[in-house]
Amino acid sequence: MLEGMYTAAAGMAAQQSRLDAVANDLANASTTGYKSVRMAYRDLAYTAGYGPPAHATTNVRFGAGAAATMIGRDGRQGAIQETGNPLDVAIEGPGYLQVRENGQRFLTRDGNLQIDAQGRLATQDGALLDPPVTVPRGTQPDQVSIGTDGTVTVAGKAAGKISLVTVPNPAGLDGGTDNRFQATAASGAVSAAPNTTALHIGVLEASNVDMGDAMADMIDAQRSFQLASKAIQVADQALEIANGIKR
Amino acid sequence: MERGLYIAASGMLAEMARQDQLANDLANASTPGYKADRVSQRSFGDLLLGDTAGGNTVGPLGQGAAIDKEETDLRPQAVRDTGQPLDLAIQGEGWFGVRTAQGVRYTRNGAFTADARGNLVDQLGNQVLGAGNQPVQVTKDGTVDPSKVAVFNVRKPVKQGDSYFTGQAGGTATGQVKAGSLEGSGVDPARAMVDLMASMRAMEAAQRAITTIDSTLQQTATQVGGLNG
């Protein structure tokens, strides 16, 4: 009998991870370049047998509940939003900007760039583009022009090139903190992005969280959580009834 | 007399087992491709009672209930649109094949993703089978051609957990793979809740039978032999 309680509790835990994922998606509904999380669910192991061991039937098997796994991120393109800022870039198609901080390389789709104190192009949180792009000191953002191939020119002079990279399996990328990802064994090695990937200037890629989907998902998760909790309640009542045999 | 105690207790045990199974259904109320279970009860063989005086038949005596069969409801469920290119659903009959360490398993849970070599894999990282049991390639733009994913016709599928089923594959399945959607769970929450309530009340009734028999026994033990009863 107690198994039933733990079975339902496993279901509640799975719904809880789903709620956590949806809550994070909703919180990032306006984060530039954010990709929503994909969760997958499955049932758990089944054990055969019911009744006293000598007469147990193996026709009946009891499941152990449900589990949730994160299976990467939604790779769909976010909407392109016009900002007019010459240092804003958006990537259309598969690909990432490569940035470097503290000797570590990261991938990001957040193209909200700035010029740091040393004249280097960096993301808003200070990670430098890799390979680095340096503009002459004192350059104002509106003097910089970025071509659709990534070439950065300042007053007609070439200053460097923003290169786009990708990995074979974006679902295997690690991280997500600060909009940054890292290549792992599961994602495969970083290589140049395909030619079909385009860079747009003066625009940003919006978060690809679909509010409607996320809200529906949240309601579904909440109700499923409630259903599983009811099963625990009933199991509790059933135990109470069993205890009531001896008054 | 005490036989009644055990008959009622067997009913309680059967209801408890049914509740365990319903708890699993409810835990999987939103698991894609989950197939709901139904357990059925049977009664133990009846005894025929006869009276000791003339050996005349009095009638049958039941010996209680037991759960002896479980059936999985394999009917295809409604397919829901998710828009994710690697979410696949089979419309109609058929199963996805997945190569696991224990052999080929079948599933209708199509929440797939890609691995480092660009093969289509399931949520546990096992390869999804395409034509000729070869892996299915995910294209560079992160989509998969639904027609490349094999659909198996599986006879006598049996649940193995992790959304997997075992069974004998053979013949061609009629189902069509659809990308960007998932099959819903086969659990009907309303029915599961009603079953749960009914089961609890049945258990309560069996408990009442036990306590009633108990108080009868108590009277037998304390009052029948009493001189001033």
Side-chain angles (χ1 to χ4, degrees), chain A residues 1 3-5 7-8 10-12 14-15 18 38 40-46 50-51 57 59-66 69 71-72 74-76 93-94 168-172 185-188 194 196 210 213 220-221 223-224 227-228 230-232 234-235 237-238 241-242 244-245 247, chain B residues 12-17 19-32 34 37 39 66-70 82-87 109 111-118 122-125 138 140-142 159-164 189 192-193 196-197 199-200 203-204 207 210-211 214:
Chain A
M1 181 72 237
E3 289 88 353
M5 278 193 177
T7 302
M12 286 172 77
Q15 294 307 326
R18 183 178 179 192
R38 283 183 74 204
Y41 311 92
R42 59 182 197 275
D43 53 357
L44 291 172
Y46 287 79
Y50 144 76
T57 165
N59 293 345
V60 186
R61 304 181 320 143
F62 298 100
T69 327
I71 53 168
D74 179 356
R76 284 179 291 176
N169 174 30
S187 72
T196 50
D210 181 328
D213 271 359
D220 189 352
R223 290 300 171 203
S224 304
L227 279 172
K230 272 280 185 286
I232 295 188
V234 170
Q237 278 171 316
I241 293 169
I245 291 177
R247 280 166 301 180
Chain B
M12 284 183 78
L13 281 173
E15 293 305 335
M16 279 178 161
Q19 286 174 22
D20 281 353
Q21 181 271 320
L22 284 166
N24 189 50
D25 272 5
L26 286 172
N28 286 291
S30 62
T31 304
Y34 177 79
D37 292 316
V39 292
I67 279 184
D68 75 328
K69 219 163 134 206
E70 174 188 53
T82 65
Q84 302 285 344
L86 296 185
D87 277 349
N109 184 350
F112 298 140
T113 183
D115 71 1
R117 278 163 296 179
D122 73 353
Q123 57 181 300
L124 295 172
V138 177
K140 277 250 186 274
D141 58 356
K159 271 190 193 182
Q160 299 298 329
D162 292 334
S163 290
Y164 294 146
M193 286 311 291
L196 208 54
M197 272 151 48
S199 171
M200 198 183 71
M203 194 178 157
E204 204 170 11
Q207 188 247 31
I210 292 179
T211 49
D214 179 38

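Letters A, B, ... are given to chains in the order of the sequence lines, protein chains preceding strands, and every chain is numbered from 1. FYI, side chains are in, hydrogens and waters are out, and symmetry mates aren't considered; it's all heavy atoms of this structure.
- Proximity to chain B is limited to the side chain of D213(A), based on heavy atoms less than 4.5 angstrom apart.
- Between atom CD of residue Q237(A) and atom CD of residue Q19(B) there is a gap of 9.5 Å, rounded to the nearest 0.5 Å.
- For the pair L227(A) and P189(B), the tightest heavy-atom approach, listed with the atom from each and the gap, is CD1-CB, 3.5 Å.
- Not a single donor-acceptor pair under 3.5 Å links the side chain of Q123(B) to the backbone N or O of T69(A).
- Residue Y41(A) comes nearest to S163(B) through the heavy atom pair O-OG, 4.1 Å, listed as atom of the first residue, atom of the second, then distance.
- Around CZ of R117(B), the count of heavy atoms belonging to other residues, nucleotides or ligands within 6.0 Å does not exceed 12.
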Next item on the list: Using the side-chain contact (heavy atoms from CB on, under 4.5 Å) rule, take L26(B) and K230(A) through it: C-alpha gap first, then chi angles, then the decisive distance, then the call.
Entry: CA-CA 9 Å; L26(B) 286 172; K230(A) 272 280 185 286; 5.6 Å; no
Should R18(A) and S30(B) be marked as a side-chain hydrogen bond (donor to acceptor under 3.5 Å, both in side chains) after you check the CA-CA gap, both sets of side-chain angles, and the distance that decides it?
CA-CA 11 Å; R18(A) 183 178 179 192; S30(B) 62; 3.1 Å; yes
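- Heavy atoms closer than 4.5 Å to chain B are found in both the backbone and the side chain of D43(A).
- A pairwise comparison of heavy atoms in G4(A) and A23(B) identifies O-CB, 3.4 Å as the closest pair.
- In this structure, the portion of T82(B) lying under 4.5 Å from any heavy atom of chain A is its backbone and not its side chain.
- One finds the CG atom of N169(A) at 6.5 Å from the CG atom of D115(B) (value rounded to the nearest 0.5 Å).
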Assess the residue pair K69(B) and V60(A) against the criterion (side-chain contact (heavy atoms from CB on, under 4.5 Å)); give the C-alpha distance rounded to whole Å, side-chain angles, the decisive distance to 0.1 Å, and a yes or no.
CA-CA 6 Å; K69(B) 219 163 134 206; V60(A) 186; 5.6 Å; no
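- From N28(B), atom CG reaches atom OG1 of T7(A) across 9.5 Å, with rounding to the nearest 0.5 Å.
- Listed by chain and number, the residues in a side chain to side chain contact (heavy atoms under 4.5 Å, CB included) with L124(B) are R42(A), D122(B), N126(B), D162(B), Y164(B) (sequence neighbours excluded).
- Salt bridge present: D87(B) and R38(A) bring a charged side-chain N and a carboxylate O closer than 4.0 Å.
- Heavy-atom distances place no part of A10(A) under 4.5 Å from chain B, backbone and side chain included.
- Of the possible donor and acceptor atoms, one in the side chain of N24(B) sits under 3.5 Å from a partner among the backbone N and O of G65(A).
- Rounded to the nearest 0.5 angstrom, Q15(A) CD and T31(B) OG1 are separated by 7.0 Å.
- When G83(B), G142(B), G118(B) are compared by the number of non-hydrogen pairs under 4.5 Å with chain A, G83(B) comes out ahead.
- Across all non-hydrogen atoms, the minimal contact from A171(A) to A114(B) is CB-O, 4.5 Å.
- The part of I210(B) that comes within reach of chain A is its side chain, from C-beta onward, which places non-hydrogen atoms under 4.5 angstrom from that chain.
- Among all heavy-atom pairs drawn from A40(A) and A111(B), the shortest one is CB-CB, 3.8 Å.
- Looking at A45(A), only its backbone comes within 4.5 Å of chain B, counting heavy atoms on both sides.
- To the nearest 0.5 Å, atoms CD (Q207(B)) and CD1 (I245(A)) are separated by 5.5 Å.
- Listed options V138(B), T113(B), L22(B) were ranked by heavy-atom pairs under 4.5 angstrom with chain A; first place goes to T113(B).
- Rounded to the nearest 0.5 Å, atoms CZ (F62(A)) and CD (Q21(B)) are 7.5 Å apart.
- Not counting sequence neighbours, the partners of A242(A) by the side chain to side chain contact (heavy atoms under 4.5 Å, CB included) test are M12(B), M16(B), M203(B).
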